[in-house]
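Data block below; observations after.
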Amino acid sequence: MSSTSAPPTRETSPGAAREAALPRRRTRILALPEARWAAAALVLFLIALPLYLAGAPAWAWGPLFAAVYVTGGWEPGWAGLQALREKTLDVDLLMVVAALGAAAIGQVLDGALLIVIFATSGALEAIATARTADSVRGLLDLAPATATRLDDDGTEETVPTGQLAVGEVVLVRPGERIGADGRVLDGTSEVDQATITGEPLPVAKRQGDEVFAGTLNGTGALWVKVERDPADSVIARIVAMVEEASETKAPTQLFIEKVEQRYSLGMVAATLALFALPLVLGADLRSTLLRAMTFMIVASPCAVVLATMPPLLSAIANAGRHGVLVKSAVVMERLGQVDAVALDKTGTLTEGTPRVADVRPLAASGLTQDEVLRLAAAAERPSEHPLARAVVAAARARGLVVPPAEDFTSTPGAGVSATVEGRTVGVGSPARVLDDRTGHPVAAALEEEGRTAVLVTLDGTPVGVLGIADRLRDEAAATVTALGELTGTAPVLATGDNARAAARLAAEVGITDVRAGLLPQDKVTAVLEMQRAGRKVLVVGDGVNDAPALAAAHTGIAMGRAGSDLALETADAVVVRDELGTIPAVVRLSRQARRLVVQNLVVAAVFITGLVVWDLAGTLPLPLGVAGHEGSTVIVGLNGLRLLADGAWRRARDGYGR
């Protein structure tokens, strides 16, 4: 493609480039209403406290404490009343009632302290939740707001990236971020893809290479043809699916919420009993009410309710940032439970793109490898079959000049023929071309090696055989090993390919259980057999034929870049960039999240039990009870958010946290 515009030069330091590639959109603390009300309550409390302790008259500190109750308690109190209208008991309402009860018996300072700590705890939870959302929304900042579109006549037009359409061409100047997923038509440059692929060094890009929206161009200009609608780009898909996942609830969370209502009602009943019975036995009102309110505060299940979702949502957001879209909190919880794996072959362990691995001229033909490949490419060039594209690509890679073909014909399942330089060239299945079940000895030898054999004929006489193979993904063997270590069982290869090709690939990656020649229903049967044996099976695939097995499995993961729409819709998670190595990483991340959930539940139970026993067996001061209760809630919330950090993904990727 000829240049229509001379790109301006722009010097960008590596540090500045990396900073530009990593934008951050963080919610300001005071932008959250919970934080503003908590801050107001805290300031008013700090003003009133010295007046109260110094013995100032009530009119000096009374209105200030009243303002503390209003600013810190109105929002949770109103939310609790709304919940009560729906016949749901909200623990926030119980906290406000306890504070008002303390004020009613003269414990104004204790009640105000409860409100301040409670409001501060709520603000911290809101900030933590906002940080989780920030990590998702921040991905949107990676894609620039505008792009330079080139019209058919070569003129430039600056347009919003959301208006770009598939097939349009955009110019990306040095130092700019790429506005859409596409393929380079012209130009060479280095592109910093760290925000999308995690690669630490810029990647060289030239004609034919794929580029992603949001990645940072280096020192050269690139002309990029848009291949995906902006709403369907890698970044947009990550954001949409992670946001959808954030709206779901894991089974553990649903169980906790189901138990919470019964627990809260029981807690209220116990509080009333703890208040009424001592009064009947002659205890004084003030101490009895104070103990009952302290019990209601320390026994409330705030920390338990917060124990589950922050770890799972943090794990979902972190996985999304690294190219694995987990569709729900249910899936994130279930990923850590898998103890068996079934892998598809083509497009999963392999790249799904055939390539010419062998060119074998027949001795009687007198032709060289290049001559055989040149003739085959000429005949195949008009064809759209994947094998044909592989043959043409191999000829171009060798720098061969492919002559034009005439009288092209194609027979599905058999091959093609065409007139090339006045002679008839045929390319196709050896058995079909020769009309012989035994095919050709050279072709049979290639098939024994796991290749797909293609016979080339010249005027009806065999002159050569091409061996077509699918390239194994670089990380396939390491992924198989890692999944075997994680589950304690070697993965199974379940493929519709022939047994010889499957066995050859399985040997390369270290799989011993090979199930080849499977139709879609056969894959489902294999998965169900494993599950009947007590296994929780993870299926990884990419094609339409994998969709039934993905649906039948305990958990299904689809390869996103070349995966079929049906597989992507059916799967529970999607590996956007087809990086196999992220699969064991996300399983480890799920297990880390599950461990944090257990840790949180233990912390919550220990605090609640300890504080309740203290209040019942001794005398627990109200401020200390408030501090213990709210402190445990904050600890649980922050502990769950540890998985937002990039370090959590690095540990999962490197094999920690099994």
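Side-chain contact check for D572 and T555: no donor-acceptor pair (N or O, by modelled atom type) lies under 3.5 Å. A donor-acceptor contact closer than 3.5 angstrom links the side chains of T409 and S417. A donor-acceptor contact under 3.5 angstrom links the side chains of T155 and D153, judged on distance only.
Remark: E168 engages R149 in a salt bridge (charged side-chain N to carboxylate O under 4.0 Å, His left out) (not counting sequence neighbours). Here T148 pairs with nothing under the side-chain hydrogen bond (donor to acceptor under 3.5 Å, both in side chains) rule; sequence neighbours left out. Here E227 pairs with R183 under the salt bridge (charged side-chain N to carboxylate O under 4.0 Å, His left out) rule; sequence neighbours left out. In this structure, the side chain to side chain contact (heavy atoms under 4.5 Å, CB included) partners of V492, at least two apart in sequence or on a different chain, are D513, R515, M530. A search for salt bridge (charged side-chain N to carboxylate O under 4.0 Å, His left out) contacts involving D370 returns R398, not counting sequence neighbours. When the salt bridge (charged side-chain N to carboxylate O under 4.0 Å, His left out) test is applied to D474, the partners found at least two apart in sequence or on another chain are R471. Remark: T188 engages R206 in a side chain to side chain contact (heavy atoms under 4.5 Å, CB included) (not counting sequence neighbours). With sequence neighbours left out, the side-chain hydrogen bond (donor to acceptor under 3.5 Å, both in side chains) criterion links S383 to no other residue. Under the rule for a side-chain hydrogen bond (donor to acceptor under 3.5 Å, both in side chains), the partners of T350 that lie at least two apart in sequence or sit in another chain are D470. The side chain to side chain contact (heavy atoms under 4.5 Å, CB included) search around A357 returns R355, R451, A469, not counting sequence neighbours. Here P382 pairs with F408 under the side chain to side chain contact (heavy atoms under 4.5 Å, CB included) rule; sequence neighbours left out.
Nearest heavy atom pair, residue V326 against residue V586, reads CG2-CG2, 4.1 Å. Here the closest heavy-atom approach between residue P361 and residue Q369 is recorded as CG-N, 3.6 Å. What you find for E508 and L472 is that their closest heavy atoms are OE1-CD2, 3.7 Å. Between V170 and A147, the closest heavy-atom pair is CG1-CB, 4.4 Å. Listed here is the closest heavy atom pair of P354 and I468: CB-CG2, 3.6 Å. Heavy-atom minimum distance, P491 versus L483: CG-CB, 4.1 Å.
Two residues are said to be in side-chain contact when any heavy atoms from C-beta on lie closer than 4.5 Å; I583 and L538 meet this criterion. At least one side-chain heavy atom of L349 sits less than 4.5 Å from a side-chain heavy atom of V480. Between R389 and V392, every side-chain heavy-atom pair lies at or beyond the 4.5 Å cut-off. Taking 4.5 Å as the limit, some side-chain heavy atom of L493 sits within range of a side-chain heavy atom of K345. The shortest side-chain heavy-atom distance between D654 and W649 does not fall under the 4.5 Å cut-off. Contact of the E406 side chain with the E421 side chain is not registered, since no non-hydrogen atoms from C-beta on lie closer than 4.5 Å. At least one side-chain heavy atom of V391 sits less than 4.5 Å from a side-chain heavy atom of L373. L375 places none of its side-chain heavy atoms less than 4.5 Å from the side chain of R423.
Judged purely by atom type and a 3.5 angstrom limit, N217 has no side-chain atom pairing as donor or acceptor with the backbone of E176. For E371 (side chain) and T368 (main-chain N/O), a donor-acceptor pair under 3.5 Å exists by modelled atom type. Side chain of T582 to main chain of A585: no donor-acceptor pair is present (N/O by atom type, distance under 3.5 Å, no hydrogens or angles). Of the possible donor and acceptor atoms, none in the side chain of R360 sits under 3.5 Å from a partner among the backbone N and O of L466.
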- Task: Any chance you could lay out the side chain to side chain contact (heavy atoms under 4.5 Å, CB included) test for V341 and L343, step after step, and finish with the verdict?
- Result: CA-CA 6 Å; V341 180; L343 297 165; 3.9 Å; yes
- For the pair H554 and V338, evaluate side chain to side chain contact (heavy atoms under 4.5 Å, CB included) and give the outcome as yes or no after the intermediate values. CA-CA 8 Å; H554 178 268; V338 298; 3.9 Å; yes
- Let me see the working for V324 and V574 under side chain to side chain contact (heavy atoms under 4.5 Å, CB included), right down to the final yes or no. CA-CA 6 Å; V324 183; V574 178; over 6 Å; no
- Derivation and outcome, side chain to side chain contact (heavy atoms under 4.5 Å, CB included), residues I178 and L216: CA-CA 6 Å; I178 297 170; L216 184 68; over 6 Å; no
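Between the CG atom of L171 and the CD atom of E157 there is a distance of 13.5 Å, given to the nearest 0.5 Å. Between the CG atom in L580 and the CD atom in E351 there is a gap of 10.0 Å [rounded to 0.5 Å]. In this structure, CD on Q531 lies 6.0 Å from CG on L528, to the nearest 0.5 angstrom. Atoms CG and OG1, from L164 and T146 in turn, are 9.5 Å apart once rounded to the nearest 0.5 Å. Summarising the geometry, atom CG belonging to D344 is positioned 10.0 Å from atom CE belonging to M559; distances are rounded to the nearest 0.5 Å. From T495, atom OG1 reaches atom CG of L505 across 8.5 Å, with rounding to the nearest 0.5 Å.
Applying the salt bridge (charged side-chain N to carboxylate O under 4.0 Å, His left out) test to residues at least two apart or on different chains, none of the pairs has a partner in residues 211-225.
In this structure, E529 does not pair ionically with R535, as no charged nitrogen and carboxylate oxygen lie closer than 4.0 Å. With respect to the salt-bridge test (charged N to carboxylate O, under 4.0 angstrom), the residues R228 and E210 qualify.
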